[in-house]
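Everything below concerns the one structure shown next.
If you read the sequence from its start, that first residue is 1, and numbering goes on from there.
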Amino acid sequence: MKRQQWWMKSVVYQIYPKSFYDSNNDGVGDLKGVIQKLDYLKELGIDVIWLSPVYESPMDDNGYDISDYQAIAEEFGSMEDMEQLISEAAKRDIKIIMDLVVNHTSDEHSWFLKSKREINHPKRDWYIWRNGKADGTPPNNWRSIFGGSSWEYDEQTNQFYLHVFSKKQPDLNWENPEVRDAVYNMIRWWLDKGISGFRVDAITFIKKRQNFGDVGIDSNDNLGPISEASLNQDGIDQFLSELNEKAFAPYDILTVAEAPGVSPKDLPKYVGENGYFSMLFEFDHVDLDLGKEGKWYKPNNWSLIQFKEAITTSQNIYNEVGWGALYLENHDQPRSLNKFIKQNDISLIPAKMLATVYFFLKGTPFIYQGQEIGMTNVAYPTIDEYNDLASIDQYHSALREGYSKEEALAAVWKRSRDNARTPMQWNDSKNAGFTKSEPWLKVNTNYPSINVEHSLKNNDSLFYFYKELIRLRKNSEYSHVVVLGKYEALLESHPQIIAYTRALNDQKIVIIANFEGKEVTIGLDLHVKKVILSNYKNVPTRLNNFTLRPYEAMVYEIES
């Protein structure tokens, strides 16, 4: 167990700046827009903002293709705006963490532009260049995450460069110590400017299999997944240890890693007492619907029992070592209401149930913008209205495999990253109050009924429920048990109910939630001392035999 740190009691709110609030009415959210909404976030009660990328970028992948790590993209504002945001947030006791994207840069970054000039340029080895095969085809059969070969041919030097993601996102060569030093210098520059840490993007891709051989073909494109050769590879520990030692450890910061490919047994190395990061995002509980190939149009059927198993596996580890990042949605995930609740049942009660289930787990909760007011997925009528690269790739991949346009689009509706990127719904005016001009991405049509203004006027709204969850965590008689208590699963094989306890010293609480849209009767050998929270009125106080209403969630203090 890590010694208690400031971020253990914190609640993080993720802002996708492009979609948060447009202060200058150009259709794109910006830093001044974030500044103008800080009082709203203060009212909610969060104390850390995770700001998705605002660096200078051609925006091929919405800012995750960075052309200058030490400049702000013009559409978001200026470095002065960024400094003002850090300052204004601090006045409200809110810290800022930024995205750190160092697996790759933009192909418009000065490092890459120099690297591609000539084979003998000093920056050539800052990226991964290889000759093609004798027949002129790419060096191997690796498929990029966004589809197609992960190698892009450069006519000027007659070689290929590697990109795990888009061809506009060439991968940095972490084997080169000059690259690593440049990255560490940039990190320290930002921390010295006053930010409080980073969400570290795609960090488990930085180590590549050095023989660059083919991987197994898994589709009719004669390519294989690059993850087999560039995800959590042997030797990555040395890179991550050095990153922590030289860039993170000298500062009192929060670092949360996006770390796909990390097995539960490796969690202690990543987030233990001397781990590389404060915490990491796990994917098992949110990607249950994804098949092994990651094709949205070939989804897995999954059960609540599998969801519970994924949660309990990591929670049991965090009982002993490390710390978790608790989340149900983010900028890369569909909205949680659509993922976990039957379409016809989506409403206030199930939304409160979902919030309850994840907020009382052991770890630091993350709220994604709009989650606190119940924003939902969007269903654009054609693929042409989607901006997300992954959505477009999945759609065309489905068509190539013989699916109809309707089937391909239905898969995009479920999994598109644009589901989370639609503009924040502030009120019921045109464009949901996000902008007075044409927004960069169409607003969800349900904004007249789902918006911040309505939520703030309704004392029973999801917003105030989240506010109460935050209060219980940070400033109540239950704060210690909620933050530090041991997790124990109950009713593990029950197909409709999630239940677990958290216990610390002589204090114990139980969380019980019905994931079904119908009544379920259960019995628990527990003795209630006090009702702490519920999404219904008139909650039973005897648990030996009681009935949960549809999507009911309750939190009790019980005898330990």
Side-chain angles (χ1 to χ4, degrees), residues 9-15 20-21 36-49 92-94 326 328-329 335-338 340-341 345-360 365-376 423-429 432-434 443-444 446-479 482 509 511-515 517 528 530-541 548-557:
K9 205 172 181 178
S10 297
V11 175
V12 184
Y13 187 95
Q14 183 190 357
I15 288 178
F20 192 59
Y21 185 63
Q36 290 179 27
K37 298 299 184 181
L38 285 173
D39 287 337
Y40 165 74
L41 299 179
K42 181 67 177 175
E43 171 70 15
L44 180 59
I46 62 97
D47 41 19
V48 181
I49 290 170
R92 296 162 175 81
D93 298 316
I94 295 174
L326 311 174
L328 292 177
E329 57 188 75
R335 291 292 183 173
S336 56
L337 280 171
N338 298 84
F340 296 106
I341 306 299
D345 291 346
I346 292 174
S347 59
L348 181 61
I349 289 291
K352 290 181 177 181
M353 182 275 292
L354 275 183
T356 304
V357 164
Y358 93 98
F359 233 79
F360 283 95
F366 285 68
I367 301 170
Y368 181 73
Q369 65 181 44
Q371 183 178 342
E372 78 281 8
I373 60 168
M375 284 180 63
T376 63
M424 181 72 174
Q425 294 163 207
W426 292 103
N427 56 45
D428 60 7
S429 68
F434 164 73
V443 175
N444 194 318
N446 62 15
Y447 73 88
S449 57
I450 300 174
N451 61 66
V452 169
E453 191 174 271
H454 285 189
S455 295
L456 293 176
K457 289 177 179 176
N458 176 9
N459 290 335
D460 192 41
S461 71
L462 185 61
F463 175 91
Y464 289 111
F465 193 82
Y466 268 99
K467 184 174 180 177
E468 176 63 6
L469 289 171
I470 294 170
R471 185 195 71 81
L472 286 168
R473 178 182 184 80
K474 290 172 54 182
N475 187 29
S476 78
E477 61 187 294
Y478 303 105
S479 296
V482 172
I509 63 174
I511 296 85
I512 310 165
N514 178 9
F515 264 73
V528 173
K530 185 178 178 182
V531 177
I532 299 173
L533 183 77
S534 175
N535 60 348
Y536 276 89
K537 292 181 171 60
N538 303 317
V539 181
T541 54
L548 286 95
R549 289 161 282 193
Y551 297 109
E552 184 163 17
M554 48 192 72
V555 183
Y556 297 101
E557 182 180 7

Contact summary for [X] and [Y], nearest pair of heavy atoms:
X: Arg335; Y: Thr376; answer: CG-C, 3.4 Å
X: Glu329; Y: Ser336; answer: OE1-OG, 2.6 Å
X: Leu462; Y: Gln371; answer: CD2-O, 3.4 Å

Those residues that, when tested against [X], pass side chain to side chain contact (heavy atoms under 4.5 Å, CB included) (two or more places apart):
X: Glu477; answer: Lys530
X: Val452; answer: Tyr40, Ile373, Met424, Trp426, Leu456
X: Phe360; answer: Thr356, Leu469, Leu472, Val482, Tyr500, Ile509, Ile511, Leu533, Val555

My understanding is that only residues two or more places apart in sequence, or in another chain, count here; which of them pass side-chain hydrogen bond (donor to acceptor under 3.5 Å, both in side chains) with [X]?
X: Asn458; value: none
X: Tyr13; value: Glu372
X: Gln369; value: none
X: Ser429; value: Asn427

*Should Arg473 and Pro365 count as side-chain neighbours, where that means a heavy-atom distance under 4.5 Å?*
yes

*Kindly indicate whether the side chain of Tyr466, heavy atoms from C-beta on, has any atom under 4.5 Å from the side chain of Val11.*
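No, every pair of side-chain atoms sits at 4.5 Å or beyond.
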
[X]: what forms a salt bridge (Lys or Arg N to Asp or Glu O under 4.0 Å) with it, not counting sequence neighbours?
X: Lys537; result: none
X: Asp39; result: Arg92
X: Asp345; result: none

*Which residue pairs satisfy the salt bridge (charged side-chain N to carboxylate O under 4.0 Å, His left out) criterion with at least one member in residues 455-465, sequence neighbours excluded?*
Lys352-Asp460, Glu453-Lys457

*Could Lys9 and Asp47 be called an ion pair, given the rule that one side-chain N must be under 4.0 Å from one carboxylate O?*
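Judged by the 4.0 Å cut-off on N to carboxylate O distance, Lys9 and Asp47 do not form a salt bridge.
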
*asked:* Keeping Asn535 on the side-chain end and Ile349 on the backbone end, is there a donor-acceptor pair under 3.5 Å?
replied: yes

_Check: Tyr536 side chain, Pro550 main-chain N or O, donor-acceptor pair, under 3.5 Å_ =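 Flag set: sc Tyr536 to bb Pro550 pair under 3.5 Å.
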
